Amino acid sequence: MTHKYITLGEAIRSINPNATYTIHNDDLDNVEWGDTTPISKEDILAKQSELQAIENAKPSIEELRDSAKAKLMSGEKLTEDEANILVGV
C-alpha cells in the first residue's frame with residue numbers, strides 16, 4: 001500500500017499558503033524565512049503529521065485499482081476515484 005509522503009513544504013503552505021521560505025537540507029532548524037512570519041518547527045511537524053494521517057486514511061492506488069476491478073467484474077458502479085485510476089487520470 002503506497003501513500004503520498006507529505007513534505008515539510010506542503011505542511012508550511014497548508015499553514016500559510018503565501019509563505020516564502022527556503023528549507024536547507026530538509027532541516028527545519030535551517031529555514032530561511034522570506035517576507036513571512038516564521039512558523040515554529042513544532043507547528044510545522046504537527047501539521048505534517050495531521051496531513052499525513054489524512055493521506056494515509058485514503059485508499060491507496062492499489063486498493064482503488066483492486067476495488068475498481070472487482071466492481072467491474074460484478075457489474076457494480078465505480079466511484080470517481082476508481083474510474084480515474086482505470087483511465088489513468
Side-chain angles (χ1 to χ4, degrees):
M1 180 163 53
T2 304
H3 289 97
K4 175 181 176 255
Y5 172 74
I6 302 299
T7 66
L8 296 171
E10 288 171 310
I12 290 169
R13 287 187 301 278
S14 178
I15 296 168
N16 179 353
N18 300 315
T20 56
Y21 60 92
T22 302
I23 303 173
H24 298 281
N25 300 319
D26 204 31
D27 179 4
L28 283 179
D29 291 321
N30 198 2
V31 178
E32 289 181 35
W33 296 98
D35 296 334
T36 302
T37 301
I39 302 168
S40 74
K41 179 179 178 178
E42 293 76 20
D43 287 348
I44 295 168
L45 292 174
K47 180 57 77 170
Q48 183 185 37
S49 180
E50 173 191 336
L51 295 174
Q52 192 65 61
I54 292 168
E55 182 64 30
N56 291 349
K58 295 177 185 177
S60 69
I61 291 172
E62 294 86 0
E63 290 168 328
L64 286 172
R65 187 179 308 121
D66 291 346
S67 176
K69 181 179 178 182
K71 286 181 178 179
L72 281 175
M73 300 290 287
S74 68
E76 292 180 52
K77 184 177 177 181
L78 301 178
T79 66
E80 182 177 354
D81 286 340
E82 291 167 336
N84 287 342
I85 290 297
L86 291 179
V87 297
V89 174

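In this chain, numbering begins with 1 at the start of the sequence shown. As the structure is a computational prediction, the values presented were derived from the model and not from experiment. Quick note: numbers below take in every heavy atom, side chains included, and nothing from hydrogens, waters or symmetry partners.
Interatomic distance, Ile85 CD1 to Lys69 NZ, rounded to the nearest 0.5 Å: 15.0 Å. To the nearest 0.5 Å, atom CD1 of residue Ile6 and atom CD1 of residue Ile54 are 8.5 Å apart. Going from atom OG1 of Thr37 over to atom CG of Asn16 covers 8.0 Å, rounded to the nearest 0.5 Å. With rounding to the nearest 0.5 Å, the separation of CD1 in Ile39 from CG in Leu28 is 10.0 Å.
Residues passing the side-chain contact (heavy atoms from CB on, under 4.5 Å) test with Ser49, sequence neighbours excluded: none. Considering only residues two or more places apart in sequence or on other chains, Thr7 meets the side chain to side chain donor-acceptor pair (under 3.5 Å) condition with Glu10. Applying the side chain to side chain donor-acceptor pair (under 3.5 Å) rule to Ser74 yields the partners Glu76; only residues at least two apart in sequence or on another chain are considered. In this structure, Asp66 has no side-chain contact (heavy atoms from CB on, under 4.5 Å) partners at least two apart in sequence or on a different chain. Applying the side chain to side chain donor-acceptor pair (under 3.5 Å) criterion to Ser40, with sequence neighbours excluded, gives Asp43. Scored by the salt bridge (Lys or Arg N to Asp or Glu O under 4.0 Å) test, Lys71 finds Glu82 as partners (sequence neighbours excluded). By the side chain to side chain donor-acceptor pair (under 3.5 Å) test, Arg13 pairs with Tyr21, sequence neighbours left out. Applying the salt bridge (Lys or Arg N to Asp or Glu O under 4.0 Å) criterion to Asp27, with sequence neighbours excluded, gives no partner residue.
A donor-acceptor contact shorter than 3.5 Å is absent between the side chain of Glu32 and the backbone of Thr22. A distance-only check finds no donor-acceptor pair linking the side chain of Glu55 to the backbone of Tyr5 [under 3.5 Å]. Of the possible donor and acceptor atoms, one in the side chain of Thr20 sits under 3.5 Å from a partner among the backbone N and O of Asp35.
Side chains of Ile12 and Ile23 form a contact here, defined as non-hydrogen atoms less than 4.5 Å apart. Between Asp81 and Pro59, the closest side-chain pair of non-hydrogen atoms is not below 4.5 Å. Side-chain contact check for Leu45 versus Leu8: some heavy-atom pair is nearer than 4.5 Å.
Salt-bridge formation is not detected for the pair Arg65/Glu62: no Lys NZ or Arg NE/NH1/NH2 atom is positioned less than 4.0 Å from an Asp or Glu carboxylate oxygen.
Here the closest heavy-atom approach between residue Ser14 and residue Leu51 is recorded as CB-CD1, 3.7 Å.
Through direct or indirect side-chain contacts shorter than 4.5 Å among Ile, Leu, Val, Met, Phe, Trp and Tyr, Leu72 is connected to Leu78, Leu86.
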